[in-house]
Amino acid sequence: MGRARSGVATPSEPVSEQRLDKWLWAARFFKTRALATEAINGGKVHVNDERVKPSRSIRVGDQLKITRDIDTWLVTILGLNEQRRPAKEAVLLYQEDEHQKAAREEQQEMRRLHGVIMPKHKPDKHERRQLEKFKEQWGE
């Protein structure tokens with residue numbers, strides 16, 4: 001068969017390699033390809049312990065280290081998928097390192113128990129003023 005005119009692989013043709021940013025999106029590590037690209041360019045994703053570009057072709061068996069916020073995933077690619085599928089299917093695309101998974105879940109539980117809340121954004125003007133008032137009250 002071959003390729004269709006649009007350059008997309010036909011359904012009967014198995015995919016042997018795929019762009020890294022597209023795989024991260026399809027495996028549901030990032031909500032959009034733009035966020036995946038931003039993380040890769042920021043050095044938050046490594047393939048086989050190397051810093052790479054978003055257009056890097058990945059294959060089954062490659063190992064990824066993905067850092068998001070303060071959590072880290074060490075995964076081995078088990079499958080490639082051109083489309084974003086439901087989460088239950090996306091989990092089948094990779095296998096996570098068991099020791100890393102246990103450590104990450106333990107850290108999440110410790111943060112939850114100790115009430116550690118990670119800010120999702122830089123404080124705006126109003127929030128900065130509230131922080132300054134709080135520091136002034138408790139600093140005296």
Side-chain angles (χ1 to χ4, degrees):
M1 278 204 144
R3 294 197 175 261
R5 286 187 181 170
S6 65
V8 179
T10 57
S12 62
E13 185 177 331
V15 179
S16 62
E17 42 180 58
Q18 183 176 12
R19 282 178 60 108
L20 175 60
D21 59 343
K22 193 166 187 176
W23 186 88
L24 289 169
W25 167 75
R28 295 185 167 263
F29 281 100
F30 295 96
K31 194 170 186 174
T32 64
R33 280 184 65 186
L35 290 174
T37 301
E38 186 178 318
I40 297 166
N41 288 334
K44 304 291 185 185
V45 179
H46 292 79
V47 177
N48 299 326
D49 294 325
E50 294 178 5
R51 190 169 174 174
V52 292
K53 293 183 178 180
S55 60
R56 164 76 184 262
S57 293
I58 57 169
R59 294 186 170 104
V60 173
D62 285 344
Q63 293 185 347
L64 301 180
K65 180 179 181 183
I66 305 162
T67 305
R68 216 173 64 193
D69 295 328
I70 55 176
D71 294 324
T72 302
W73 287 265
L74 290 175
V75 298
T76 303
I77 298 175
L78 298 179
L80 305 174
N81 198 348
E82 290 287 323
Q83 296 177 337
R84 187 173 169 103
R85 305 291 298 155
K88 286 184 179 181
E89 292 179 31
V91 205
L92 302 174
L93 296 178
Y94 61 90
Q95 179 180 10
E96 188 171 0
D97 180 53
E98 292 300 321
H99 299 294
Q100 182 68 26
K101 182 178 182 179
R104 181 173 46 79
E105 289 174 350
E106 183 180 330
Q107 288 175 346
Q108 287 174 341
E109 184 66 16
M110 293 299 286
R111 287 193 304 264
R112 187 185 70 77
L113 290 174
H114 292 294
V116 176
I117 300 172
M118 295 300 295
K120 293 288 182 185
H121 65 281
K122 185 177 176 181
D124 61 12
K125 186 175 183 178
H126 180 72
E127 292 168 336
R128 282 194 309 270
R129 288 187 176 165
Q130 286 181 328
L131 284 170
E132 289 170 7
K133 284 182 183 178
F134 178 78
K135 287 178 182 179
E136 286 175 8
Q137 286 177 348
W138 293 97
E140 295 178 350

The reported gap from CG in Asp97 to NZ in Lys65 (rounded to nearest 0.5 angstrom) is 11.5 Å

Review point. Would you say Leu20 and Leu93 are hydrophobically clustered, going by side-chain heavy atoms of ILVMFWY under 4.5 Å?
Key: yes

task: May I ask you to check whether over 12 heavy atoms, not counting those of Asp49, lie within 6.0 Å of atom CG?
output: no

Thr72 and Gln100 have their tightest heavy-atom pair at O-NE2, 3.2 Å

What one should report as the nearest heavy-atom pair of Leu131 and Pro123 is CD1-CG, 4.4 Å

In this structure, CG of Asp21 is separated from OG1 of Thr37 (nearest 0.5 Å) by 4.0 Å

For Pro54 and Ile40 the tightest heavy-atom approach is N-CG2, 3.6 Å

dist Arg56:CZ -> Glu17:CD (nearest 0.5 Å) comes out at 10.0 Å

One should read off an interatomic distance between Gln95 CD and Gln63 CD, to the nearest 0.5 angstrom, of 10.0 Å

### Task
Under the side-chain contact (heavy atoms from CB on, under 4.5 Å) rule, what do Phe30 and Ile66 come out as? Steps first, then yes or no, please.
CA-CA 10 Å; Phe30 295 96; Ile66 305 162; 4.2 Å; yes

Between the CZ atom in Arg51 and the NZ atom in Lys44, the distance rounded to the nearest 0.5 Å is 9.5 Å

Original post:
Is the Tyr94 ring parallel, tilted or perpendicular to the Phe29 ring (thresholds 30°, 60°)?
Top reply: tilted

Value for CZ (Arg28) from NZ (Lys88), rounded to nearest 0.5 Å, stands at 12.5 Å

State, with a plain yes or no, whether a side-chain heavy atom of Trp73 is found less than 4.5 Å away from one of Leu64.
-> no

Checklist line | side-chain contact (heavy atoms from CB on, under 4.5 Å) between Glu109 and Glu106, intermediate numbers included | finding: CA-CA 5 Å; Glu109 184 66 16; Glu106 183 180 330; 5.7 Å; no

Is Val91 reachable from Leu78 through a run of hydrophobic residues whose side-chain heavy atoms are each under 4.5 Å from the next?
no

- Query: Judged by atom type as modelled, is there a donor-acceptor pair below 3.5 Å linking the side chain of Glu105 to the main-chain atoms of Ala102?
  - Reply: no

All heavy atoms of Ala90 vs all of Ala26, minimum pair found to be CB-O, 3.7 Å

task: State yes or no: do Val60 and Trp25 share one hydrophobic cluster built from I, L, V, M, F, W and Y residues joined by side-chain heavy-atom distances below 4.5 Å, directly or via other members?
output: no

(message) Assess whether a salt bridge exists between Arg129 and Glu132, defined as any Lys/Arg side-chain N lying under 4.0 Å from an Asp/Glu carboxylate O.
(response) no

Which of Arg111, Gln108, Gln107 passes side-chain contact (heavy atoms from CB on, under 4.5 Å) with Ile70? Answer is Arg111

Applying side-chain contact (heavy atoms from CB on, under 4.5 Å) to Arg33 and Lys22, what does each step give before you reach the verdict?
CA-CA 6 Å; Arg33 280 184 65 186; Lys22 193 166 187 176; 4.0 Å; yes

What one should report as the nearest heavy-atom pair of Asn81 and Gln18 is O-NE2, 2.7 Å

Can you tell me if CD on Glu38 sees more than 12 non-hydrogen neighbours from other groups inside 6.0 Å? no

May I ask whether Val45 and Leu74 are part of the same hydrophobic cluster, defined by side-chain heavy atoms of I, L, V, M, F, W, Y residues being less than 4.5 angstrom apart, directly or through others?
no

With heavy-atom distances below 4.5 Å as the criterion, would you say the side chains of Ile58 and Val52 are in contact?
no

